[in-house]
Structures are given as structure tokens and as C-alpha cells.
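We count ligands from 1, going down the list as the structure has it; atoms in each ligand are counted the same way.
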Amino acid sequence: MKGGATRLAVVTGGARGIGLAIARRLVAEGFAVVAASRTPVSDLPAGMTHARLDVTDRAAVAALFAGLGKLDLLVNNAGLAGGQGSDAGDDADDALWHAILATNLTGAWYCSRAALARLPARTGRIVNIASVLGLRGVADQPAYVAAKHGLVGLTRAMAMQAAPRGITVNAICPGWVDTAMAARRYAEIGITAAQAAAGIPTGRVASPAEVADIVAFLAGPGAGSITGQAIAVDGGSSAHA
Ligand code: NDP
């Protein structure tokens, strides 16, 4: 929907990786974008502004959303991944568990709750960047798998809350996407990018722009009857027997 009054989007984690690709794509669609993340950023493209935000800080989330004049779209993209030893059972392992749940799940809840009160009927949208690990498990990331399954569940619950007002809430579930997070995970589990690609039916890792394309579609008027869905963008991995 290009032209007309400028719509406002908040993209958490919107200053790099998948979030930056989403923000760029939304600017191209005519949105003004607030990229909200912890690290100060000064050199964002035109159409974007940065807001310092830790999504795990409930008061800070409430203050950010209260300070927006309007809001049309929230993209919960901020995320944290990390492998956990199955028998570590130590303080570091617990701290990682709590940080991953707080960032990927509780943070999305704080932002969604604050956004829902402000989104306009019929055209308001929330898009959650979950993961294929919100649809199935792996052994070495229990917190991340639990948080992303939780985010898919939150998507379904909030879709039901928002449906009477015509507001949609959907999740995108990417497989490997070419970002710094993926590079850190390749190193953690001892594979190369080429080996990751070889394990995907289409034989390649997705680009951040491919995730952004789906966000743009879900944010548009043609997606008004799509809600409560978890859409895999994974080169067919979740369809593989
Ligand atoms: P990156 O690590 O490249 O970026 C993560 C972003 O989240 C950064 O902008 C970071 O900014 C922000 N962030 C992290 N913690 C917080 C916080 N507490 N408050 C606010 N912002 C925060 O990751 P990707 O771009 O790869 O991932 C984006 C999303 O996509 C995540 O939710 C991830 O789980 C998901 N995903 C990624 C996949 C991949 O292969 N890359 C696959 C499937 C899903 P800062 O540190 O400055 O706060």
C-alpha cells in the first residue's frame, strides 16, 4: 500500500540482520519505521529512526509504545539464540535459559500487549519472527526451542484476541537465514555455511530479504484474512519426511 498517510511500524531488533531487512522493505512500502534495540545506532537508512529498547524491560516497552503518536504494525523480531549443554545444570546455563525466554517470548508479549491497545481496527498487524524451531525440536537448544514454540502459541492466542477488531497476528518461521546469528550457530555446532545449505531441500540458506517479503505481504491489505498462522520460510525443511 504505497502512497496515502504514512503508516508507522516498530521492528524490534530492526537495526541489523533480519530486522534491518524487514525495516528496509517496510520503508520501501511507505512505512516510517522505528527500529528498537539495545545498541545505539546512528547511521540508519532514510525512513528509519532508532529507539534504544531492551524488550525484556516491561516499563521501557510500555514507555516506548506510549510515546508513539500512532502505530500500524509491530514486528517482534528481537531474538537471542544459544546452545545449552544437556547436563550443565549450572548458573550460566540457567542464566541463558532465562535470557532466551525473556528475549524471544516475554519481550514479544510485552511489545504485543502494548501494541494491541494502539493498533487500528481492520488494518493493524502484528508479525512475530519465530523459527522452524517453533515447529520442531533440536537437542542442544531447549530454551530457544521452548521460547519459539511459545511464540507460535502466543501468536495463536493473540490472533484470537485481536480477530474481533480485524487485526491480524501471524508468525514467520524461518530456517537458516544468512545473518550473524546463523554464523554464531554454525560455529557453535561445528558446521560450515555450505553444510547448512546442503541440509536444506532447496540447497541454500534463505536471505533476510526473503523473510522481509513475507512480512510486507502480511502487513498489506491482501492478507487481512490470514491470522494465527505460522508460515515456514525454510526451503522445505519442515516439509521433509
Ligand atoms: P541477529 O543476532 O543478527 O540480530 C538480533 C537482533 O535482536 C539485534 O538487532 C539485537 O540488537 C536485537 N536484540 C537482541 N536482544 C534484544 C533485546 N533484549 N531487546 C531489544 N533488541 C534485542 O539475529 P537475526 O537477524 O538472525 O535474527 C532475527 C530474528 O530471527 C530472531 O528472533 C531469531 O531468533 C530469528 N531467526 C533467525 C534465524 C537465522 O538463521 N538467522 C532462523 C530462524 C529465526 P541489540 O543486540 O543491539 O539489542
*List the atom of A209, the atom of A21, and the distance in Å for their closest heavy-atom pair.*
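Taking A209 first and A21 second, the nearest heavy atoms are N-CB, 4.0 Å.
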
_On a heavy-atom basis, which atom in N76 and which in C111 lie closest, and how many Å separate them?_
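Distance-wise, the nearest heavy atoms are OD1-CB, 3.3 Å.
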
_Spacing of OG1 belonging to T12 relative to CG belonging to N77, to within rounding of 0.5 Å_ = 5.5 Å

*Measure the distances from the heavy atoms of A35 to every atom of ligand 1 and state whether one is below 4.0 angstrom.*
no

With heavy-atom distances below 4.0 Å as the criterion, list the atoms of ligand 1 near [X].
| X | value |
| --- | --- |
| T179 | 24 (P), 25 (O), 26 (O), 41 (N) |
| T39 | 45 (P), 46 (O), 47 (O) |
| G17 | 25 (O) |
| G79 | 5 (C), 7 (O), 14 (C), 31 (C), 32 (O) |
| S131 | 43 (C), 44 (C) |
| D54 | 17 (C), 18 (N), 19 (N) |

*So, E188 and R184, do they make that salt bridge, N to O below 4.0 Å?*
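Looking at R184 together with E188, the answer is no, because their closest N to O distance does not fall below 4.0 Å.
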
*Is a salt bridge present between E210 and R25, judged by a nitrogen-to-oxygen distance below 4.0 Å?*
no

*Are any of the side-chain heavy atoms of Y186 and T192 separated by less than 4.5 Å?*
no

Specify the protein heavy atom at minimum distance from [atom]: its residue, its atom name, and the distance to 0.1 Å.
| atom | value |
| --- | --- |
| atom 25 (O) of ligand 1 | I18 N, 2.8 Å |
| atom 43 (C) of ligand 1 | P174 O, 3.3 Å |
| atom 3 (O) of ligand 1 | R16 NH1, 3.5 Å |
| atom 6 (C) of ligand 1 | G13 CA, 3.9 Å |
| atom 16 (C) of ligand 1 | R38 NE, 3.5 Å |
| atom 29 (C) of ligand 1 | N77 O, 3.1 Å |
| atom 36 (N) of ligand 1 | Y144 OH, 3.6 Å |
| atom 21 (N) of ligand 1 | A78 CB, 3.5 Å |

*Flag for T123-D72: side-chain donor and acceptor within less than 3.5 Å*: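 Per modelled atom types, D72 and T123 side chains form no pair under 3.5 Å.
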
With heavy atoms under 4.0 Å as the rule, classify the contact between [X] and ligand 1 as side chain, backbone, both or neither.
| X | answer |
| --- | --- |
| R184 | side chain |
| A130 | backbone |
| L53 | backbone |
| T103 | side chain |

*Hey, looking at atom 40 (O) of ligand 1, which of T56, V233, V177, V55 has the closest heavy atom?*
V177

*Any N/O pair L80/ligand 1 closer than 3.5 Å*: no

*Please name all residues satisfying side chain to side chain contact (heavy atoms under 4.5 Å, CB included) with R52, sequence neighbours left out, ordered by chain then number.*
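Per chain and number, R52 pairs via side chain to side chain contact (heavy atoms under 4.5 Å, CB included) with P40, H50.
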
*Could you please spell out the steps behind the side-chain hydrogen bond (donor to acceptor under 3.5 Å, both in side chains) verdict for N128 and T155?*
CA-CA 7 Å; N128 296 321; T155 301; 2.9 Å; yes

*Under the salt bridge (Lys or Arg N to Asp or Glu O under 4.0 Å) test, which residues partner D94, sequence neighbours left out?*
none

*Begin with the C-alpha distance, continue with both residues' side-chain angles, and end with the deciding distance and a verdict on salt bridge (Lys or Arg N to Asp or Glu O under 4.0 Å) for D234 and R136.*
CA-CA 12 Å; D234 65 350; R136 60 187 202 183; 5.9 Å; no

